[in-house]
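Here is the structure we will look at, set down as structure tokens.
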Amino acid sequence: MKNKKTVVLGATTKPEKYAFLAITKLVEKGHSVLAIGQNTGEVAGVKIYTKNIPLKNIDTVTLYLNPARQREYYNYIIETKPKRVIFNPGTENPEFYQLLQGNGIKVEVACTLVLLATNQY
């Protein structure tokens, strides 16, 4: 399995949240994880940043933010040039799909946890 450097956007230290589970599972599966959320903290040894940090060589950005909250990250994500952006359930955003695809970034409407569990990540 190839290590896919992944940014979890909408990261949280709340164990009942899907972003928390995604960070945990990504780490378990051997992926490098960068986490950005509203509050600092740590999940599975991954520090959560509250500011946009410089990103390089990102394979995947997985979103855990509703469409209205995504807007402030549009340019940040596009400038990062990830290979793909995963829109988890509840984050679907056709406006952002078009911007990403127009910049050569693959859009995947899927669940990161399901992709990991079924070895399709």
Side-chain angles (χ1 to χ4, degrees):
M1 176 194 71
K2 184 176 168 252
N3 173 2
K4 294 186 176 168
K5 196 170 179 184
T6 302
V7 175
V8 177
L9 198 50
T12 179
T13 58
K14 296 177 182 169
E16 69 276 12
K17 297 288 189 178
Y18 290 116
F20 179 98
L21 295 171
I23 294 168
T24 305
K25 293 292 182 195
L26 284 161
V27 169
E28 280 177 15
K29 295 271 189 174
H31 298 287
S32 300
V33 179
L34 295 162
I36 300 172
Q38 279 191 298
N39 301 302
T40 58
E42 195 172 291
V43 176
V46 175
K47 180 180 176 184
I48 299 174
Y49 294 90
T50 57
K51 300 217 179 340
N52 295 352
I53 54 174
L55 300 172
K56 283 190 203 164
N57 305 316
I58 300 299
D59 182 86
T60 302
V61 173
T62 184
L63 294 175
Y64 290 94
L65 296 173
N66 70 47
R69 299 245 353 266
Q70 292 169 21
R71 281 195 191 95
E72 67 183 278
Y73 294 100
Y74 283 6
N75 290 335
Y76 178 63
I77 293 171
I78 290 167
E79 288 166 10
T80 298
K81 297 182 176 71
K83 291 183 181 151
R84 68 175 171 172
V85 174
I86 298 175
F87 288 82
N88 287 281
T91 67
E92 298 87 350
N93 184 349
E95 175 185 82
F96 198 17
Y97 302 164
Q98 288 184 329
L99 288 169
L100 291 167
Q101 290 167 332
N103 283 278
I105 299 167
K106 182 181 174 194
V107 168
E108 200 164 335
V109 180
C111 175
T112 297
L113 294 170
V114 171
L115 293 173
L116 287 164
T118 56
N119 295 316
Q120 296 179 71
Y121 192 83

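From a predicted model like this one, the values you see are computed outputs, not experimental measurements.
Shortest non-hydrogen contact noted between Thr12 and Phe20 is O-CD1, 3.5 Å. Between Ala19 and Ala11, the shortest heavy-atom contact is CB-CA, 4.1 Å. Residues Ala35 and Val46 come closest through the heavy atom pair CB-CG1, 3.9 Å.
Within the 4.5 Å cutoff, no side-chain heavy atoms of Thr80 are placed close to those of Val7. In this structure the side chain of Thr13 never reaches within 4.5 angstrom of the side chain of Asn39, judged on heavy atoms. Residues Ile78 and Leu100 meet the side-chain proximity criterion, which asks for heavy atoms closer than 4.5 Å. Side chains of Glu108 and Thr60 form no contact here, defined as non-hydrogen atoms less than 4.5 Å apart. A 4.5 Å side-chain heavy-atom check between His31 and Leu116 finds at least one atom pair inside the cut-off. Under the 4.5 Å side-chain criterion, counting only non-hydrogen atoms from C-beta, Ile77 is in contact with Leu63.
Hydrophobic clustering (ILVMFWY, side-chain heavy atoms < 4.5 Å, transitive): Ile58 and Tyr49 are in one cluster. Following chains of ILVMFWY side-chain contacts shorter than 4.5 Å, one can reach Val109 starting from Leu9, so the two form part of one hydrophobic cluster. Two different hydrophobic clusters hold Val61 and Val8 under the rule that ILVMFWY side chains link at heavy-atom gaps under 4.5 Å. Hydrophobic clustering, with ILVMFWY side chains joined whenever heavy atoms are under 4.5 angstrom apart, keeps Leu115 apart from Tyr97. When the side chains of ILVMFWY residues are joined at heavy-atom separations under 4.5 Å, either directly or via intervening members, Tyr64 and Ile23 end up in a single hydrophobic cluster.
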Requested in this report: Start with the C-alpha gap between Tyr76 and Ile53, add the side-chain angles, then the distance that decides, and say whether side-chain contact (heavy atoms from CB on, under 4.5 Å) holds.
Outcome: CA-CA 9 Å; Tyr76 178 63; Ile53 54 174; 3.8 Å; yes
Requested in this report: Any chance you could lay out the side-chain contact (heavy atoms from CB on, under 4.5 Å) test for Val107 and Val85, step after step, and finish with the verdict?
Outcome: CA-CA 5 Å; Val107 168; Val85 174; 5.6 Å; no
Report task. Determine, step by step, whether Tyr73 and Asn52 satisfy the side-chain contact (heavy atoms from CB on, under 4.5 Å) criterion, reporting the C-alpha distance in whole Å, the side-chain angles of both residues, the deciding distance to 0.1 Å, and the verdict. Result -> CA-CA 9 Å; Tyr73 294 100; Asn52 295 352; 3.2 Å; yes
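Within 6.0 Å of atom CD in Gln101, more than 12 heavy atoms from other residues, nucleotides or ligands are found, so the atom counts as buried in its surroundings. Atom NZ of Lys4 has more than 12 neighbouring heavy atoms from other residues, nucleotides or ligands inside a 6.0 Å radius. Within 6.0 Å of the CD atom in Glu95, the count of heavy atoms belonging to other residues, nucleotides or ligands exceeds 12.
Judged purely by atom type and a 3.5 angstrom limit, Glu92 uses its side chain to pair as donor or acceptor with the backbone of Gly90. Asn66 places a side-chain N or O within donor-acceptor distance of the main-chain N or O of Ala68, the cut-off being under 3.5 Å.
With rounding to the nearest 0.5 angstrom, the CG atom of Leu34 is 8.5 Å from the OG1 atom of Thr6. Atom OG1 of residue Thr91 and atom CD of residue Gln70 lie 5.5 Å apart, to the nearest 0.5 angstrom. Separation of atoms CD1 (Ile86) and OG1 (Thr112) is listed at 4.0 Å; rounding is to 0.5 Å. To the nearest 0.5 Å, the span separating NZ on Lys47 from CD1 on Ile36 amounts to 12.0 Å. With rounding to the nearest 0.5 Å, the separation of OG1 in Thr50 from CD1 in Ile48 is 10.0 Å. Lys81 NZ to Leu55 CG: the interatomic distance, rounded to the nearest 0.5 Å, is 12.0 Å.
Side-chain contact check for Asn119 and Lys29: at least one donor-acceptor pair (N or O, by modelled atom type) lies under 3.5 Å.
Ring planes of Phe96 and Tyr74: parallel class, angle under 30° (limits at 30 and 60°).
The pair Asp59-Lys5 fails the salt-bridge criterion, with no side-chain N (NZ, NE, NH1 or NH2) lying under 4.0 Å from an Asp/Glu carboxylate O.
Tyr121 carries Arg84 over the face of its six-membered ring, with the cationic atom under 6.0 Å from the centre and within 45° of the normal.
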